2 protein chains.
Amino acid sequence: MNLKEFAGLLGLSPTTVSRALGGYPEVREETRRRVTEAAKRHGYRPNRRAAALASGRAMAIGHVIPTALNQEVVNPVFADFISGAGEVYSSENYDLTLSIVTDGSEDRVYRQMAQTRSVDGVIVHGPRIGDQRIPLLQELGLPFVVHGRLPGEHAPFNFVDIDNIRAFHKATDLLLDLGHRRIALLNGNLDMDFACRRRDGFASAMSGRGVSVDPDLLFAGDMSETNGHGAARRMLEGPNPPTAFLVSSLTMAIGVRRATHELGLRLGQDVSLVTHDDVLSYLANGPQDAPLFTATRSSVRAAGRRCAEILIEQITRPGLAPIQDIWECELVIGASTGPAPNA
Amino acid sequence: MNLKEFAGLLGLSPTTVSRALGGYPEVREETRRRVTEAAKRHGYRPNRRAAALASGRAMAIGHVIPTALNQEVVNPVFADFISGAGEVYSSENYDLTLSIVTDGSEDRVYRQMAQTRSVDGVIVHGPRIGDQRIPLLQELGLPFVVHGRLPGEHAPFNFVDIDNIRAFHKATDLLLDLGHRRIALLNGNLDMDFACRRRDGFASAMSGRGVSVDPDLLFAGDMSETNGHGAARRMLEGPNPPTAFLVSSLTMAIGVRRATHELGLRLGQDVSLVTHDDVLSYLANGPQDAPLFTATRSSVRAAGRRCAEILIEQITRPGLAPIQDIWECELVIGASTGPAPNA
DNA sequence: TGGACTTGTCAAAGCGGTTTGGAAAGAGAA
DNA sequence: TTCTCTTTCCAAACCGCTTTGACAAGTCCA
């Protein structure tokens, strides 16, 4: 059923029907009621593509997920983020188009999106230091929201991020307060902005107490279980092992736990661990009331929701000043931290 | 730049340009070359929506992800699956539109997709026993491929699935061969087809050796770390603990591992464990050469790729017989299995 | 040389909406 | 009564592409 047929059914012109459905003021209230009701009864819905073509609004948001060519790690955080965003989209009647793109060819995708106006805006995932995508999107004039941000505080674009510096500063303080001095940092790749900030938060907390950072206790790389395990194992078996770990993801923390178990060490007693927890739906940090790991916590699903809201806001009201949300992480105390062994 | 302008630039009619770009045979090879080259140089790309509208093909595939209303667990498998499918889509020039839908309101989404023809086909994720989506899609005449399948072998629809029965039969046999008799099964929710099949494979292997299944050693539920831990812990502390676990996901297996460690048991010695491994990119089963867990293995990313291929095949060649792929799982021996303690 | 076939190109009619620029009808004012 | 506004609706022009049917030019064969 198309508009013309449906309008014929009602004895109205397509124009009037379109306006009634679109909420325009030029139709009588009674007419509108008649139209919307008939639409429901006959199951009429305007064709998305036709509407998009005619109006210029795509009613769609693009998510571009970069994936490394070599060993494609899809950021697991992504599933939760997108499900948060998806809630907003469906309630606002936007579609979500997803592109999986191998690193580097993102340009092409963005350009195409902008050119064919196939989306009204995009979400930028996993921003990297010196990320080319952001200037590109600005140049293209395509509204966007970044999940995360870039170094240098005040670039004028929308983003939602957590206060990584503060979170890791607080986490480090916690460990320092417990008497730990040899603290290892297992971080994400340092070409990611969040990893740099976490490192900075860690470093400033350490130097704030006059404790030096041992470069041997720093790891930066893919935040996989295997890497967490490998790094922890190496450090713990080294000549001067850490008494505590500060870890950037729960997955990695699980690897650390494996390493400590293999070496007969007990978490929270022999070795302490604080991790960041994205509150992924399928990888809970233990039961609600008794967190497994002490953790800095912020829901990535909530971030997804917020990003979506901001983007739609920016799309519907062009010219709005950039919205920059920086969220505080909660610090939850779990079973993985305790006083330093020889404190 | 639109088609008319671009065609004007070349001194050709829009028709010819469209045909040249579309690969139709009615244009001279030289003309086609001239057109494609100019398109590249000027960065001309046909507007997707306009093309879709005119041709009736949406050039888009829909993925509908159900998410439970209560505590929305987004299947973590999904990220990898979709990245596999995404590869195919981008190489075949299809878009991927994603809908996150709360359980139950899927009908509406599918109907809308069919009605507005906003996608050419859909992928069905996480089929449940008696899933209403499949008859609905058949009724709507929308091409679809199911990742997984339904009970009752030969329903005529496309699917890609692993041979769950065989995989878990083999895994059980392995444990039985090692002398285990008290084997626990930690499974997914039994309203999922794959969980039933795995249970059947397990049960038939057990009864094939005359070993009875203890209902106290059966768990079925969300395949989370927490559930794996809880179930294992409960069973291991019970009066008649299992000597081996057969587990439906790596995440859950990690929970089991935690439980065994807490109780001072060593995996592969005091307790054995075989898990299914979806080869998720961010949750590797240890290093390549030394798997952590003994596992039945099948890449969900590969499944995503294959589903996408099949769907596109069905879309471009309507009337094709249903394609039903059933994949054999590999059984990889890791460090988590060993002879039964008192064997 | 002329008719039948190809081949390469084009004009124009959609696809299913939105939106602009009226027009008819009714209300109020002069 | 006539004129000017509103209000409510409509006809028609797009949006940018695909595709059908027609046509000119070229090829082949009789």
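Here is the naming used below: chain letters follow the sequence lines, and residue numbers restart at 1 for every chain. On a predicted model such as this, the values are computed, not experimentally measured, just so you know.
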In whole angstroms, how far is the [atom2] atom of [N] from the [atom1] atom of [X]?
X     : N      : atom1 : atom2 : result
A/R19 : C/dT19 : CZ    : P     : 9 Å
B/L53 : D/dT18 : CG    : P     : 11 Å
A/L9  : C/dG16 : CG    : P     : 16 Å
A/R48 : C/dG17 : CZ    : C1'   : 13 Å
A/N2  : C/dC15 : CG    : P     : 8 Å
A/E26 : D/dC10 : CD    : P     : 13 Å
A/R28 : C/dA24 : CZ    : C1'   : 14 Å
A/M59 : C/dG16 : CE    : P     : 20 Å

Should the pair [X]-[Y] be classified as a salt bridge under the 4.0 Å nitrogen-to-oxygen rule?
X      : Y      : result
A/D80  : A/R301 : yes
B/R33  : B/E30  : no
A/E313 : A/R317 : yes
A/R41  : A/E37  : yes

Just to be sure I understand the rule, does B/Y44 reach a base, reach only the sugar-phosphate, or reach nothing, if contact means heavy atoms closer than 4.0 Å?
sugar-phosphate
With heavy atoms under 4.0 Å as the rule, sort A/R57 into base, sugar-phosphate or nothing.
sugar-phosphate
For the side chain of [X], counting heavy atoms from C-beta on, which of [options] is nearest?
X     : options                : result
B/A54 : D/dC10, C/dC10, D/dC17 : D/dC17
A/N47 : C/dG16, C/dT18, D/dA11 : C/dG16
A/Y24 : C/dT19, D/dC10, C/dT9  : C/dT19

Between the base of C/dT19 and the side chain of A/T15, is one N or O donor paired with an acceptor at under 3.5 angstrom?
yes
